[in-house]
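Here the structure comes first, spelled out in structure tokens, and everything after it is commentary.
All values reported here derive from a predicted model rather than from experimental measurement.
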Amino acid sequence: MALQNAMRKRASGVPTYTVPEAAALLSVSQEYLYRLIQADVFPAVRMRHGRSQGRYVVPAKAVEHLLDGATAEGGCTEVADWAEAWRTQTTGGAA
């Protein structure tokens, strides 16, 4: 179900995915993607108010950029290295 929703969003140009949708597109478990997000090695937006638990949304550009980068490199992409390069690229080098 999550993959179908993600593909529908992708075709429609929706700019975000839920964690289950992004995980389905990346062929990883939701739990693993949550761990990557919480370890700050995969970009996401935490939607919450105050101290509530909230939820994460994943930018579609992040998923596409990761997959495109792995394809362009023609090899294995380390998500931690990719995330650091993504962070540097999107912030102009500011930490």
Side-chain angles (χ1 to χ4, degrees):
M1 184 66 148
L3 183 57
Q4 291 172 349
N5 288 339
M7 295 303 288
R8 194 169 27 254
K9 283 183 175 181
R10 188 176 186 195
S12 299
V14 176
T16 60
Y17 297 118
T18 64
V19 171
E21 292 166 348
L25 286 170
L26 294 168
S27 299
V28 298
S29 71
Q30 296 174 41
E31 294 80 12
Y32 187 67
L33 187 53
Y34 276 116
R35 285 196 300 270
L36 291 174
I37 291 168
Q38 291 166 349
D40 202 26
V41 291
F42 198 86
V45 177
R46 187 169 189 177
M47 307 292 289
R48 71 177 180 170
H49 179 8
R51 291 293 208 192
S52 66
Q53 185 176 357
R55 63 184 293 223
Y56 294 104
V57 291
V58 176
K61 283 184 181 181
V63 174
E64 299 301 326
H65 189 265
L66 174 62
L67 297 175
D68 289 346
T71 302
E73 288 179 18
C76 182
T77 298
E78 286 289 336
V79 73
D81 296 339
W82 169 83
E84 184 60 35
W86 170 271
R87 192 176 289 114
T88 301
Q89 175 187 356
T90 57
T91 62

Pairs under 3.5 angstrom only: tabulate donor-acceptor contacts from the side chains of residues 46-60 to other protein residues two or more places apart or in another chain.
{"from": "Arg46", "atom 1": "NH2", "to": "Gln53", "atom 2": "O", "distance (Å)": "3.2"}
{"from": "Ser52", "atom 1": "OG", "to": "His49", "atom 2": "N", "distance (Å)": "3.3"}
{"from": "Ser52", "atom 1": "OG", "to": "His49", "atom 2": "O", "distance (Å)": "2.9"}

Should Val45 and Val63 be counted in the same cluster of Ile, Leu, Val, Met, Phe, Trp and Tyr side chains packed under 4.5 Å apart? no
Give the cluster check for Leu36 versus Leu67: same hydrophobic cluster or not, with ILVMFWY residues linked at side-chain heavy-atom distances below 4.5 Å. yes
Please report the shortest heavy-atom distance between Leu33 and Val19, naming the atom on each side.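 Smallest heavy-atom distance, with atoms named: CD2-O, 3.7 Å.
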Salt bridge (Lys or Arg N to Asp or Glu O under 4.0 Å): which pairs involve residues 19-31, sequence neighbours left out?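 Matches after skipping sequence neighbours: Lys9-Glu21.
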Pair listing, salt bridge (Lys or Arg N to Asp or Glu O under 4.0 Å) test, anchored in residues 62-72, at least two apart: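 Listed by first then second residue: Arg10-Glu64.
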Which residue pairs satisfy the ring pair (Phe, Tyr, Trp, His ring centres under 6.0 Å) criterion with at least one member in residues 3-40, sequence neighbours excluded?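 Qualifying pairs, neighbours excluded: none.
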Kindly write out the residues that satisfy side chain to side chain donor-acceptor pair (under 3.5 Å) with [X], not counting sequence neighbours, or none if the list is empty.
X: Thr77; answer: Glu73
X: Glu84; answer: Arg87
X: Asn5; answer: Arg8
X: Trp82; answer: His65

Given a cutoff of under 4.5 Å between side-chain heavy atoms of I, L, V, M, F, W and Y, with clusters grown through shared members, what are the other residues clustered with Met1? none
Yes or no on side chain to side chain contact (heavy atoms under 4.5 Å, CB included) for Val28 and Phe42, after CA distance, side-chain angles and deciding distance? CA-CA 13 Å; Val28 298; Phe42 198 86; over 6 Å; no
Distance in Å, Leu66 CG paired with Leu25 CG, rounded so as to fall on 0.5 Å steps: 11.0 Å
